[in-house]
Protein chains: 2
Amino acid sequence: MDKQGLGAGQGLHARVLDSLGPAITAGEYPAGSVLRTDELEERFDVSRSVIREAIRVLESMNLVASRRRVGVTVLPADEWNVYDPRVIRWRLAGPDRPRQLRSLTVLRSAVEPAAAGLAALRATPEQCAELTEHALGMVATSRGQQLDAYLVHDIAFHRVILRASGNEMFARLGDVVAEVLTGRTHHHVMFTDPDPAAVTLHVRVAEAVRERDAARAEALTREIAAGAMAELDILAP
Amino acid sequence: MDKQGLGAGQGLHARVLDSLGPAITAGEYPAGSVLRTDELEERFDVSRSVIREAIRVLESMNLVASRRRVGVTVLPADEWNVYDPRVIRWRLAGPDRPRQLRSLTVLRSAVEPAAAGLAALRATPEQCAELTEHALGMVATSRGQQLDAYLVHDIAFHRVILRASGNEMFARLGDVVAEVLTGRTHHHVMFTDPDPAAVTLHVRVAEAVRERDAARAEALTREIAAGAMAELDILAP
DNA sequence: GTGACTAAAACGTCATACTTAATTGGGGTC
DNA sequence: GACCCCAATTAAGTATGACGTTTTAGTCAC
């Protein structure tokens, strides 16, 4: 997977970050809470430079704001850079994971159909092949408790769609989709095999893209998205 | 506007950041370029701490990666955290502004209709009022070279829609939309008054939301988005 | 030619001294 | 008693020197 985000990278500042970030996004420090550098310094038993660098990163995510004479104050949640991959991951690991999963799924539902439509227009032959390959992979692993293998193909499929759209903003949501799909499989603990209807839809999307049928690719992807929302009891708008 | 992003905040590290960030996103340092801290230290005439903190922030945006013995290397553009507000602003200020504007407009076109649909279901009476107020403001300022006043209402209108959707991921795109709209007005230098059709559409969206007609709000917003894409010669999918 | 060992280069960490800005509170004036 | 101004305090910001760690590259022996 990706390098940043998971596990305490290397370096002390990353360790501090991976302790403070989740704590803040989990709401352990309510908005307005104050962190003092020297207190953290003692708490983590590291030097000031390390704390300062961690704080700078948190500040760049808009999780905190640092002001002289007052300290580092935690910002309200609606100011956080919620598109930052690490913030997303921290929040998905924390208590408001369900809420976060819903938000992200709604975002997916808006973006992926559009991406699929564009992909139908712009996908390269290689990307079409990848798409077909992963759709077939999903079919092959859709029965008999092969959830992990299925997940791999599912993630890859959506990643290719987003990348093939040719839009960099869409492409960058690949990690988000991966997190959501992983979360769904592992948390919502699906002991049951995937919905066959969803599997079929993926195959048909791959077909539509291959045939350059943008409208159909978009509509089919919208159906996939509707299914994902239904799973989370989100009313279909 | 927002605190972070514009102008060299306060503090030396912010000044370094506002010099390096735009340079990197502008492609002045091709992917793989190496920056050495002591070189930067001398170049900006600041201490190591300052450089290191700036580097940490660039690293958190995935613009660079720092490795021992080799230095700070610039990452390829497709790894950047393109949703970071500062990255967005830097890129909009740089040479690939047109490309960036297109990407963001396509993103808007995917997100805003969905947001409008949700807003119709969830907007509070206050938000409905704000919406109407800004739509009327747009009407009032749509003639006679009042582009700046018009822009204010336009931005506010779209911000309310995104916020009223009740989805935090959508809400956070308010700044992006603001940048795009501002960019369109100031760069694409519109000497002409806004398109009357677009103005009318905004009024009708406000109506639809007030009347809780999600489908209509979504469809009308889709029309607005199509107009924005047409302005940039993006083929409507 | 292959292997291991060594040396150097760059970032990473620590400790400390000093600077700057903002808040607080006291004292003075009206 | 209310208000304003100034100074003291506090915590972040900056600078600097020393040392640790990792990675690359080069050399030397076999």
Side-chain angles (χ1 to χ4, degrees), chain A residues 3-21 23-24 29-75 79 86, chain B residues 3-21 23-24 29-75 79 86:
Chain A
K3 270 158 285 181
Q4 85 177 2
L6 185 74
Q10 49 254 32
L12 292 184
H13 85 99
R15 206 140 66 228
V16 172
L17 209 53
D18 279 318
S19 172
L20 282 181
I24 293 173
Y29 302 92
S33 306
V34 175
L35 307 171
R36 261 157 304 127
T37 307
D38 48 354
E39 174 198 319
L40 296 172
E41 195 176 330
E42 186 185 351
R43 191 168 122 208
F44 289 101
D45 192 40
V46 293
S47 71
R48 258 179 91 198
S49 352
V50 171
I51 295 295
R52 287 183 53 74
E53 286 170 29
I55 293 292
R56 273 289 114 70
V57 174
L58 291 175
E59 195 179 33
S60 96
M61 296 167 171
N62 234 25
L63 294 184
V64 304
S66 174
R67 280 163 46 204
R68 276 178 155 136
R69 162 71 193 205
V70 61
V72 176
T73 66
V74 177
L75 293 175
E79 298 200 31
R86 277 184 283 197
Chain B
K3 269 157 283 182
Q4 85 177 3
L6 183 75
Q10 49 255 29
L12 292 184
H13 85 99
R15 205 141 67 227
V16 173
L17 208 54
D18 279 317
S19 172
L20 281 181
I24 292 172
Y29 302 92
S33 305
V34 175
L35 308 170
R36 265 158 302 127
T37 49
D38 50 351
E39 175 198 318
L40 297 172
E41 196 177 329
E42 186 186 351
R43 191 167 123 208
F44 290 100
D45 192 42
V46 293
S47 69
R48 281 200 299 295
S49 349
V50 171
I51 295 294
R52 286 183 54 75
E53 286 171 28
I55 294 292
R56 275 286 115 70
V57 174
L58 292 174
E59 196 178 34
S60 96
M61 296 168 173
N62 235 23
L63 293 184
V64 304
S66 174
R67 278 164 44 202
R68 278 178 156 130
R69 161 71 192 195
V70 62
V72 175
T73 67
V74 176
L75 293 175
E79 299 200 32
R86 277 185 284 199

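Computed over heavy atoms, backbone and side chain alike; hydrogens, waters and symmetry mates excluded. Reminder, nothing fancy here: chain letters follow the sequence lines and each chain counts from 1.
Look at CG on B:Asp38: it is 14 Å from C1' on C:dA8, rounded to the nearest Å. Taking atom CG of residue A:Leu40 and atom P of nucleotide D:dA12, one finds them 9 Å apart after rounding to whole Å. Rounded to whole Å, atom P of D:dA25 lies 10 Å from atom CZ of B:Arg67. A:Leu58 has its CG atom 14 Å from the P atom of D:dA12, to the nearest Å. In this entry the distance linking CD of A:Glu59 with C1' of D:dA12 reads 11 Å, nearest Å. When rounded to the nearest whole Å, the span between CD of B:Glu41 and P of D:dT14 equals 14 Å. Atom pair B:Glu39:CD and C:dA9:C1' shows a separation of 14 Å (rounding to whole Å applied).
Side-chain contact between B:Val16 and B:Ser19: absent, with no pair of heavy atoms (C-beta onward) separated by less than 4.5 Å. Side-chain atoms of A:Leu40 and A:Ile55, non-hydrogen and from C-beta on, do get closer than 4.5 Å to each other. Side-chain contact between B:Arg43 and B:Leu20 is present, with heavy atoms from C-beta onward closer than 4.5 Å.
Checked against C:dC11, C:dT13, D:dA15, the side chain of B:Leu12 finds its nearest nucleotide in D:dA15.
The shortest distance between the side-chain N/O atoms of A:Thr37 and the OP1/OP2 oxygens of D:dA11 is not below 4.0 Å.
Within residues 42-57 of chain A, the residues that place at least one heavy atom under 4.0 Å from DNA chain D are, in residue-number order, A:Arg48, A:Arg52, A:Arg56.
Rounding to the nearest 0.5 Å places CZ of B:Phe44 at 11.0 Å from CG of B:Leu12.
Judged by distance alone, with hydrogens and angles left aside, B:Arg69 brings no side-chain donor or acceptor close enough to the base of D:dT21 to form a pair under 3.5 Å.
Nearest heavy-atom pair across A:Val57 and B:Ser60 is CG1-CB, 3.7 Å.
Using a 4.0 Å cut-off between charged side-chain N and carboxylate O, B:Arg56 and B:Glu59 make a salt bridge.
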